[in-house]
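Per chain, numbering begins at 1; letters A, B, ... match sequence-line order. Because the structure is a prediction, the values reported are computed rather than measured.
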Number of protein chains: 2
Amino acid sequence: MAQRGSYAKGVAKREEILERALEVIAREGYRGASVKELAEAVGLSQAGLLHYFDSKEELFTEILRKRDEVDSRQFGPMPEVAEATHLRSGFVGIIRHNAEVPGLVQLFSRMAVDAADPQHPAHRYFLDRGDSLRETFVEALRELQRRGELTDVVDAGVLARIFQAVADGMQLQWMQDPSIDMAGTVSALFDALDPRNRKDPDE
Amino acid sequence: MAQRGSYAKGVAKREEILERALEVIAREGYRGASVKELAEAVGLSQAGLLHYFDSKEELFTEILRKRDEVDSRQFGPMPEVAEATHLRSGFVGIIRHNAEVPGLVQLFSRMAVDAADPQHPAHRYFLDRGDSLRETFVEALRELQRRGELTDVVDAGVLARIFQAVADGMQLQWMQDPSIDMAGTVSALFDALDPRNRKDPDE
DNA sequence: GTCTATACTCGGATAGAC
DNA sequence: GTCTATCCGAGTATAGAC
């Protein structure tokens, strides 16, 4: 099951399910939802939904994957965001968008914790996602450093980790108190790390 | 119950239980532990343990509180860490210490997600803890800004949020991959935000 | 392919004996 | 104050009919 190779089982339907699940969770939130709840929201019985996935954990992992896929379509493929000039606006834009879909933020954070267990289906997902995110970042950050728009006191790889951590950490704060400005705070970090903002007034 | 007022029920024992729980979780890790598991590890039956707490959620919330209490004893009371000069070393020290107690990091992160629900007993805990952490930080950060050791491009309150987010976010990354250097990365952020590191070589 | 029905497990809570 | 025993609900997974 779940294998796309050979003659996969209802791949199209599967994708459709994931997209619907995504909408539902984004709109109605995620509170440790059970398979049954999600199934009904998607218009299937619990058993019917699990027909397409091996387990609950796999199901939710696939939802996260689908989300990345959808996002990267909407916000332009990563390569584009990767361009140094658009890194900041692209990143901040995604975060601003996330503030519109609290359910997905919760799902992501919850899974991130559960997936700490190397046995969890989402474990590899998070590792790979982190790697690729930082890869994209490092490239763009290096370019910014070359241009003198970003501090070069710290290695770009470390800065990439920091940006990732800030984004994830701000989500935690925001879940407790949705009134805070996730995107604005991350944006401020770019300012704080821009050496040009610190030249003496008599430039 | 759980009220310290009037004639509390075995307050001493309660505290002892929390301290033991802390040790056990720190040492043996936390994998969404059940009350029963924890109870046995602490030398009680499930019912025996729940005699001291209203519910599982309340129990684990209290464990987090106890942890803060213990930590603040070990690392000097917050007021001391709050001193600008020691902010960085104090903060980084705590993070380094956290890397020695993975179970507590997991418990904290897990609870942070669950407590997004305003009904959760730990909801207030996280709000208050965040407030007080940032309060402490803001004071010290302002002093650093005055001394010219920290960028003043961004408001100290925002910087405080950023530091909190980085610490929390690095924990998530570290749970996935314990080989990364949480403390070192946070430390690097201090460097990156220090304007003195950016003066021209011909100072 | 999808449903209904059910089996099974786990975990939290509670009653009641000692 | 602590235990044993039990209850109950939730939730996943699976069997089997249609």
*Hey, is A:R88 close enough to A:D191 for a salt bridge, meaning N to O under 4.0 Å?*
yes
*Output yes when a side-chain donor or acceptor of A:Q173 lies under 3.5 Å from a complementary backbone atom of B:R161, and no otherwise.*
yes
*Starting at atom CD of B:E40, determine the distance to atom C1' of C:dG11, rounded to an integer number of angstrom.*
13 Å
*asked:* Walk along nucleotides 6-15 of chain D from 5' to 3' and tag each nucleotide B, S or - by protein heavy-atom contact under 4.0 Å, base first, then sugar-phosphate.
replied: ------BBB-
*Aromatic ring centroids of A:F53 and A:F60 under 6.0 Å?*
no
*Would you say B:Q145's side chain and B:V154's backbone share a donor-acceptor pair under 3.5 angstrom?*
yes
_Pairing residues for A:E69 by the salt bridge (Lys or Arg N to Asp or Glu O under 4.0 Å) criterion, not counting sequence neighbours_ = A:K66, A:R73
*Rounding to a whole Å, what distance do you find between B:Y52:OH and C:dA13:P?*
18 Å
*Quickly work out the B:H51 NE2 to C:dT14 C1' distance and round it to whole Å.*
13 Å
*Please give, in whole Å, the distance from C:dG12 P to B:L38 CG?*
10 Å
*asked:* Ring centroids only, cut at 6.0 angstrom: are A:F75 and A:F91 within range, meaning strictly under it?
replied: no
*asked:* Measure CG/B:L44 against C1'/D:dC3 and give the value in whole Å, please.
replied: 10 Å
